[in-house]
S.K.: 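Input: one structure, supplied below.
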Amino acid sequence: MKVLVLGSGVVGVTSAHYLAEAGHEVEVVDRQPGPALETSFGNAGEVSPGYASPWAGPGIPTKAIKWLLMKHGPLVVRPKLDPYMWSWLFKMLGNCTSSRYAINKARMVPVAEYSRDLLKEMRQTMGITYDDRAQGTLQLFREQKHLDGVGGDIEVLKQFGVPYEVLDRQGCIRAEPGLATADGSFAGGLRLPNDETGDCKIFTEKLAAHVTERGVKFRFDTKIDKILVEGGRIAGVATSAGVLKADAYVVALGSYSPFLLRPLGLSVPVYPVKGYSITVPITNADVAPVSTVMDDSYKVAITRLGDRIRVGGTAEISGFDLRLHQNRRDTLEYSVSNLFPKAGSVKDATFWCGLRPMTPDGPPIIGKTRYSNLYLNTGHGTLGWTMSCGSGRVLADLISGRKPEIDAAPLNLSRYG
């Protein structure tokens, strides 16, 4: 078949890769001049199946109040007269129960683990590199009471067979020697040795170049206006380059997916949650992070990417606002300067923000819609990089009429009723 993929972020490009691998003719369309120039551009760099968890969970409403009052709090809400914002928030609150958390996490972990395995396979078969490392993630707890409270997380890790280590302060320093220079105190950490890191933008660019050589066509600088319907099927996509036609269509436009789908009568509960990052040039590699350190107090990820440190964090609910707020940069600078004070030149860091496409329950939306030739691959939230390869492969299998290697049924749009 000919398949038209809308969106050239990491999810769109991995979808194109696996569709081409399955023998389809693939064209990717994006308004940007190249791949990975929006949410995939400057994310935290983690490939972390061990942390594949929904944001909606028991205790989150209470924690949210505390976070909103913190100077360097991880949550910011900028209220708007936007019914979709409030509808999404209420749906998310409805998922903040133990039972819903268990269901949603059970839907997220398999695709995240599957995705990491496919990424490893891709490295071996294609020789693709992207400042990648496979040295685990360390969740760092500044206070003993928080370290003592990881029992629930450990039970979940055991349930899904995810290897882990609980470390005291010295154990953390053995895993991440740069922490010996930390200005701030910390009690210990939870380490997931199988997690990986890497630059999502570099990966996406290299994969796009690879699939181009295999015949995938990229149509950049092309505005997507609307999806055209005829006789209960998708008949084409109206763009600034004219109407583009295919046998099947994939919407992988992240936070912007609902705009195209609402006119078709498809209610897709994806809403943007803005994240920020700074990219810090390393000045002393000996005391820089080895892999990823998650500063649990501020929900900030500090990741080694070659000769740079990527520091990412903040959940800002503010619609499609892409303004850079200095107080968010202050939080990121504080965390990395406190834990790795001699590692890099923070004053020379670049500052970025992107819109994470979040579902209210947590899992992404992958699969067919009520239009037989329209498919979705969106709503990955903070885990688009982590889940990209698995999501792309599942989608390609569904379009090709093959049974995916993991159960994809719970990821379908139909779960919302």
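Worth knowing before you read on, the calculation uses all heavy atoms, side chains too, and leaves out hydrogens, waters and symmetry mates.
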S.K.: Regarding Tyr114 and Glu405, is there a side-chain donor-to-acceptor distance under 3.5 Å anywhere?
M.R.: yes
S.K.: Okay, side chain of Thr239, backbone of Ala241: is any donor-acceptor separation there less than 3.5 Å?
M.R.: yes
S.K.: Quick one: does Arg304's side chain have a donor or acceptor within less than 3.5 Å of a partner on Pro289's backbone?
M.R.: yes
S.K.: Where do Trp67 and Ile60 land on the side chain to side chain contact (heavy atoms under 4.5 Å, CB included) test, with the steps shown first?
M.R.: CA-CA 10 Å; Trp67 290 335; Ile60 287 298; 4.1 Å; yes
S.K.: Spell out, as yes or no, whether a donor-acceptor pair under 3.5 Å connects the side chain of Lys299 to the backbone of Thr314.
M.R.: no
S.K.: Take Asn194 and Val162, measure what side chain to side chain contact (heavy atoms under 4.5 Å, CB included) needs, and give me the verdict at the end.
M.R.: CA-CA 8 Å; Asn194 284 1; Val162 178; over 6 Å; no
S.K.: Determine the sole option in Asp183, Asp296, Asp295 for which the salt bridge (charged side-chain N to carboxylate O under 4.0 Å, His left out) test with Arg142 is passed.
M.R.: Asp295
S.K.: With a sphere of 6.0 Å drawn around CG of Leu81, does it hold more than 12 non-hydrogen atoms of other residues, nucleotides or ligands?
M.R.: no
S.K.: For residues Gly12 and Val5, report the shortest heavy-atom separation together with the two atoms involved.
M.R.: O-CG1, 3.7 Å
S.K.: Run the numbers on Arg214 and His17 for side chain to side chain contact (heavy atoms under 4.5 Å, CB included), then give the verdict.
M.R.: CA-CA 9 Å; Arg214 295 185 54 193; His17 165 69; 4.0 Å; yes
S.K.: Could you pull out the closest heavy-atom pair between Thr137 and Met294, with the gap in Å?
M.R.: CG2-CG, 4.0 Å
S.K.: When you look at CZ of Phe160, are more than 12 heavy atoms from neighbouring residues, nucleotides or ligands closer to it than 6.0 Å?
M.R.: yes
S.K.: Hey, are the side chains of Asn377 and Val394 touching, using non-hydrogen atoms and a 4.5 Å cut-off?
M.R.: no
S.K.: Can you confirm whether Thr369 sits close enough to Leu261 that some side-chain heavy atom of one is under 4.5 Å from a side-chain heavy atom of the other?
M.R.: no
S.K.: Could you report the tightest heavy-atom contact between Gly381 and Met358, atom names first, then the distance?
M.R.: CA-SD, 3.2 Å
S.K.: Looking only at non-hydrogen atoms, find the nearest pair between Tyr101 and Ala56 and report the distance.
M.R.: CD1-O, 3.4 Å
S.K.: Counting only N and O atoms by type, is there a donor-acceptor contact under 3.5 Å from the side chain of Trp55 to the main-chain atoms of Met92?
M.R.: no
S.K.: Decide yes or no for Thr14 and Ser391: does some side-chain heavy atom of the first lie under 4.5 Å from some side-chain heavy atom of the second?
M.R.: no
S.K.: Just verifying a value: how many Å separate Cys389 SG and Lys120 NZ, rounded to the nearest 0.5 Å?
M.R.: 12.5 Å
S.K.: For the residue pair Lys368 and Leu398, establish whether any side-chain heavy-atom pair is separated by less than 4.5 Å.
M.R.: no
S.K.: Quick check on side-chain contact (heavy atoms from CB on, under 4.5 Å): which of Val11, Thr39, Val10 does His380 satisfy it with?
M.R.: Val11
S.K.: Between atom CG of Asp132 and atom OG1 of Thr197, what is the distance when rounded to the nearest 0.5 Å?
M.R.: 7.5 Å
S.K.: Using the six-membered ring wherever Trp is involved, compare the ring planes of Phe90 and Trp86 and label them parallel, tilted or perpendicular (cut-offs 30° and 60°).
M.R.: tilted
S.K.: Looking at side-chain heavy atoms only, is the closest gap between Phe141 and Leu190 below 4.5 Å?
M.R.: yes
S.K.: For Thr386 and Ser48, indicate whether the former's side chain and the latter's backbone hold a donor-acceptor pair under 3.5 Å.
M.R.: yes
S.K.: Give the minimum heavy-atom separation between Leu395 and Leu376, together with the two atoms involved.
M.R.: CD1-O, 3.6 Å
S.K.: Could you give the distance from CG (Leu207) to OG (Ser8), rounded to the nearest 0.5 Å?
M.R.: 11.5 Å
S.K.: Please check if any side-chain donor atom of Lys91 sits under 3.5 Å from a side-chain acceptor atom of Thr359, or the reverse.
M.R.: no
S.K.: Between the side chain of Asn338 and the main-chain N/O of Tyr334, is any donor-acceptor distance below 3.5 Å?
M.R.: no
S.K.: Using a 4.5 Å cut-off on heavy atoms from C-beta on, say whether the side chain of Tyr298 contacts that of Pro74.
M.R.: no
S.K.: Under a 4.0 Å threshold between the charged nitrogen and the carboxylate oxygen, would Lys342 count as salt-bridged to Asp286?
M.R.: no
S.K.: Using 0.5 Å steps for rounding, measure from the CG atom of Leu305 to the OG1 atom of Thr292.
M.R.: 7.5 Å
S.K.: Is it true that Asp199 and Arg308 have a side-chain N and a carboxylate O under 4.0 angstrom from each other?
M.R.: yes
S.K.: Glu316 and salt bridge (charged side-chain N to carboxylate O under 4.0 Å, His left out): which partner among Arg78, Lys80, Arg356, Arg328?
M.R.: Arg78
S.K.: Charged N to carboxylate O below 4.0 Å: is that the case for Arg31 and Glu38?
M.R.: yes
S.K.: Verify the distance criterion only: is there a donor paired with an acceptor across the side chains of His24 and Ser400 at less than 3.5 Å?
M.R.: yes
S.K.: Heavy-atom distance under 4.5 Å between the side chains of Asp195 and Glu46, does that happen here?
M.R.: no
S.K.: Checking side chain to side chain contact (heavy atoms under 4.5 Å, CB included) for the pair Tyr256/Leu355: CA distance, chi angles, key distance, verdict?
M.R.: CA-CA 9 Å; Tyr256 296 92; Leu355 302 177; 3.6 Å; yes
S.K.: Could you tell me whether the side chain of Ser277 and the main chain of Gly42 form a donor-acceptor pair under 3.5 Å?
M.R.: yes
S.K.: Taking all non-hydrogen atoms of both residues, which atom of Pro193 and which atom of Pro163 are closest, and how far apart?
M.R.: CD-O, 3.5 Å
S.K.: Do the side chains of Glu196 and Arg116 get close enough for a salt bridge, i.e. N-O under 4.0 angstrom?
M.R.: no
S.K.: Does the side chain of Val290 reach to within under 4.5 Å of the side chain of Arg133, using non-hydrogen atoms?
M.R.: yes
S.K.: Checking Thr331 side chain against Asn327 main chain: does a donor-acceptor pair fall under 3.5 Å?
M.R.: yes
S.K.: Can you tell me how far apart CD1 (Ile173) and CG (Leu167) are? Round to the nearest 0.5 Å.
M.R.: 11.0 Å
S.K.: How are the rings of Phe203 and Trp385 set relative to one another: parallel (under 30°), tilted (30 to 60°) or perpendicular (over 60°)?
M.R.: tilted
S.K.: Can you find a side-chain donor-acceptor pair between Tyr164 and Asp153 that sits under 3.5 Å?
M.R.: no
S.K.: Quick one: pull up OG1 in Thr97 and CD1 in Ile103 and give me the separation to the nearest 0.5 Å.
M.R.: 7.5 Å
S.K.: Please check: side-chain N/O of Ser40 versus main-chain N/O of Gly9, any donor-acceptor pairing under 3.5 Å?
M.R.: no
S.K.: Keeping Ser87 on the side-chain end and Pro83 on the backbone end, is there a donor-acceptor pair under 3.5 Å?
M.R.: no
